[in-house]
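A, B, ... follow the sequence lines: proteins, then strands. Residue 1 opens every chain.
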Amino acid sequence: MSDSEDDVPLGQRAAAAPKPTPMQEDSSSEDDQPLAARAARTPASKRPSKAVSDSEGSDDDGSGSDDDASSGSGSDDSDDVPLAQRRAAATPAKKKPAPAAAVAVLFEVVLERLVLRRRLLLLVLAFIKNFWEGFREVLGPRHVIKSLDKCDFTPIYDWHAAEREKKKGATKEEKQQQKEEREAKEAKYKFALVGNFRVEPPGLFRGRGEHPKMGKVKKRVYPRDITINIGKDAPIPEHPYPGQRWKEVRHDSGVTWLAYWRDTVNPKEFKYVWLSANSTFKSESDLLKYEKARAPWGWARLGWGGMGARRARKLKDFIVDIRRQYTKDWGSSDMRKKQMGVALYFLDKLALRAGHEKDEDEADTVGCCTLKVENVECIPPNHIKFDFLGKDSIRYENTVEVEVAVYRAVEQFLRCDERGKRKAPRDMLFDAFDATDLNKELKGLMDGLSVKELEGLMDGLSVKELKGLMDGLSVKVFRTYNASITLDRLLAETEDASAATTVDEKKAEYDRANKEARFLGGVAILCNHQRSVPKTHGTQMEKMNAKLDGMRDEITELQAELALAKKGKANKEGKKLNPEAVEKKIAGKKRALAKAELAAAVKEDLKTVALGTSKINYMDPRITIAWAKRNELDAKPRPPPTDSSSRRTDS
DNA sequence: GTGCATACTTAGAAGACCAGAA
DNA sequence: TTCTGGTCTTCTAAGTATGCAC
């Protein structure tokens, strides 16, 4: 749209515009033409396709063939020549036209313009009709505006005109800055950081533990096997296999996967391409997970945003109710209720996984709800020993002291089932329900609360919001909660006993809370995050022990030197030493030895503990941030990659 | 109530990377 | 410059959760 045209209100343009020349109609740069001029060329109902046919030289306006003018797009300078003159020029001038013929040409031109003006007027009225229909819908049926006649859009028009002037008047530097700001704002919608963008290559399936499918061939996956999920208007991405097509192209904004294919080893399962863990989608999902875990209990020591202390306290009462309820169920005569009560106790106390049913062609592992009789042993008077293979066939071996009522209930569950039938070692400990039932039960706890009870818990949240948070209450939430609250507790313990004053000392305390032997009852142990012993562990320990032996020998020698120094005698090298200086040296060596011994002990203790999993999946990062703030430490997130090819995703 | 399909999270192994020590 | 050891990244297996059809 030309600037001069643009400065004229639509209504005025409608009246003033009907003077497009055929050459203007045929211009290839259609977008640059005034709306009215564009509208005049094509009936509103067929505009998009008609625009194409016009450019191909249709005779739609009834003025005879315009092929000459349109097909060649003419010479550039002919745009400035009046139509009548061009008509004349386009016809070979064999002889001077008679006056009557000139009048006829002039009449034809005037007529043509009148026809065009009428058509344009009709199109504008069409435009206005459509606008009013849409505008009325936006206003709603009860709006005071009932027709367009009395509407004055001048302020809006003026505002736009002023903005345009402002843009025009900007310096080159200002325009560049605006461009950069715009691009920075839009960047998050242009790039996505994909987690696993490679298709899994062919190979042999290993599986973990004694997997029945180990050794099976993983076939190559081709584009014809892959369904992709892209935006409706996005171009279909190319793949490196000519002649093949994607299995399917979907436009599903209700899911987060970008592509999937069927696993060739287990065709019942899918493999997905997702956004990376630090994308906004995944981060928001993580936030929700921690909110759900936090909501029913509330972290005792956290004062940061989101949940006020008052609400946290009230919601904390809610878990007190859940615990009271499952404690009551241990004595229930309803076997299903009784078993669920004990299972919830295990989940809450031991942070076990839910344990869903598994197929025959999967590794034989269990979780809380799928524990078998052979996995559980009662040790009088009130200890229970668990011994089973959990996720990834990692062994869970733990003996815990339990409430007497739980102990007796488990003895009963081990003996016979719901109907009184005697159990064998491979029978289920909890035979009256499964993990799905337990999840339904947890959700039912929330549904059972009256609006009045909810109001007591809300403290600013609507019933819908609170229910939304609590809808997420499932078995796995107990595990997330327990992991996070354990970290919170351990950090609190270090703070309470802390003599640290410097940043380095405080940071060392945090590291110790995460790693040190004295906290081995911590998050990773709680969640049973194990690893195999690193291959280099043996040689590393040998080196460390040799170093420790050397340090001990050194201290022994120094102590001998101290004895000589105290008697005023010279040492082996014939030097007389100051006893105080030797004592100081010994103290320093002892401190270094203690530090090295601790490091060796931690290394040995942690050789089978995986710390990363709890850090990534279970410990609410806000607990660490809150701890850092309380200790006046500057905890900053790692800066995003600077390389433009690896921008963070927000889309 | 059950089984299945689908979608998403959690998990350990192994290799890559990097900083500090030798 | 090379070695070492800790941490990060990648890979993909193995879980959890839930809606839907029957």
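Residues that satisfy the ring pair (Phe, Tyr, Trp, His ring centres under 6.0 Å) test with Y326(A), not counting sequence neighbours, are absent from this structure. Residues forming a salt bridge (Lys or Arg N to Asp or Glu O under 4.0 Å) with E554(A) (at least two apart in sequence, or on another chain): K589(A). Not a single salt bridge (Lys or Arg N to Asp or Glu O under 4.0 Å) links D427(A) to another residue, sequence neighbours left out. The salt bridge (Lys or Arg N to Asp or Glu O under 4.0 Å) search around K218(A) returns E200(A), not counting sequence neighbours. Shown here are the ring pair (Phe, Tyr, Trp, His ring centres under 6.0 Å) partners of H356(A), two or more places apart in sequence or in another chain: there are none. With sequence neighbours excluded, the residues forming a ring pair (Phe, Tyr, Trp, His ring centres under 6.0 Å) with H239(A) are W246(A), listed by chain and number. Looking at residues two or more places apart in sequence or on another chain, you find no salt bridge (Lys or Arg N to Asp or Glu O under 4.0 Å) involving D252(A).
Contacts of residues 207-218 of chain A with DNA chain C (heavy atom under 4.0 Å): G207(A), R208(A), H211(A), K218(A). DNA chain B lies under 4.0 Å from at least one heavy atom of each of the following residues of residues 254-267 of chain A: V255(A), T256(A), W257(A), R262(A).
Out of dC8(B), dA17(C), dG6(C), the shortest distance to the side chain of W274(A) is found at dC8(B). Here dT4(C) is the nucleotide among dA5(B), dT9(B), dT4(C) with the atom lying nearest to any side-chain atom of K543(A). Residue Q540(A) has its side chain nearest to dG6(C) when only dA17(C), dG6(C), dT10(B) are considered. Comparing dT10(B), dG15(C), dA14(C) against the side chain of F205(A) picks out dA14(C) as the nearest. Comparing atom distances between the A354(A) side chain and each of dA13(C), dA17(C), dA11(B) picks out dA17(C) as nearest. The side chain of R198(A) has dC11(C) as its nearest neighbour among dT18(C), dA11(B), dC11(C). The side chain of H529(A) has dA11(B) as its nearest neighbour among dA11(B), dA17(C), dT4(C). The side chain of K268(A) lies closest to dA5(B) when the candidates are dA5(B), dA7(B), dA17(C). With dA11(B), dT12(C), dT9(B) as the choices, the nucleotide that has an atom nearest any side-chain atom of D392(A) turns out to be dA11(B).
If you take CZ of R206(A) and C1' of dG12(B), they are 13 Å apart, rounded to a whole angstrom. In this entry the distance linking NZ of K289(A) with C1' of dT10(B) reads 8 Å, nearest Å. Distance D361(A) CG to dA14(C) P: 11 Å, rounded to the nearest Å. E441(A) has its CD atom 17 Å from the C1' atom of dT18(C), to the nearest Å.
Between L347(A) and L438(A), the closest side-chain pair of non-hydrogen atoms falls below 4.5 Å. The closest side-chain heavy-atom distance from M335(A) to Q412(A) is below 4.5 Å.
Closest of all the heavy-atom pairs between S393(A) and A363(A) is OG-CB, 4.2 Å.
Residue P201(A) is classed as a sugar-phosphate contact, given heavy-atom separations below 4.0 Å to backbone atoms only. Contact annotation for S532(A): backbone-only contact, meaning every heavy-atom pair under 4.0 Å involves sugar-phosphate atoms and none involves a base. Within the nucleic acid shown, Y618(A) comes within 4.0 Å of sugar-phosphate atoms alone, with no base atom in reach, counting heavy atoms only. Residue-level contact check: K391(A) touches the bases, meaning some heavy atom is under 4.0 Å from a base atom. Within 4.0 Å of G355(A), counting heavy atoms only, lie sugar-phosphate atoms of the nucleic acid but no base atom. Looking at heavy-atom distances under 4.0 Å, E269(A) makes no contact with the nucleic acid at all. Within 4.0 Å (heavy atoms only), E362(A) reaches no atom of the nucleic acid at all.
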Where do N or O atoms of nucleotides 15-18 of chain B meet protein N or O atoms at under 3.5 Å, pair by pair?
none

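Nearest-nucleotide positions on DNA chain C place E200(A) closer to the 5' end than the other of E200(A) and A435(A). Heavy-atom nearest nucleotides on DNA chain B were determined for D359(A) and for I394(A), and the one closer to the 5' end corresponds to D359(A).
Legend: salt bridge (charged side-chain N to carboxylate O under 4.0 Å, His left out) pairs involving residues 231-241 of chain A, not counting sequence neighbours: none detected. Sorted by first then second residue, the side chain to side chain donor-acceptor pair (under 3.5 Å) pairs that include residues 205-216 of chain A, not counting sequence neighbours, are R208(A)-D392(A).
Taking side-chain N and O atoms only, K476(A) has no distance below 4.0 Å to OP1 or OP2 of dA17(C). Between T613(A) and dT10(B), a side-chain N or O to OP1/OP2 separation shorter than 4.0 Å is absent.
Enclosure of atom NZ in K247(A) is not indicated, since only 12 or fewer non-hydrogen atoms of other residues, nucleotides or ligands lie within 6.0 angstrom.
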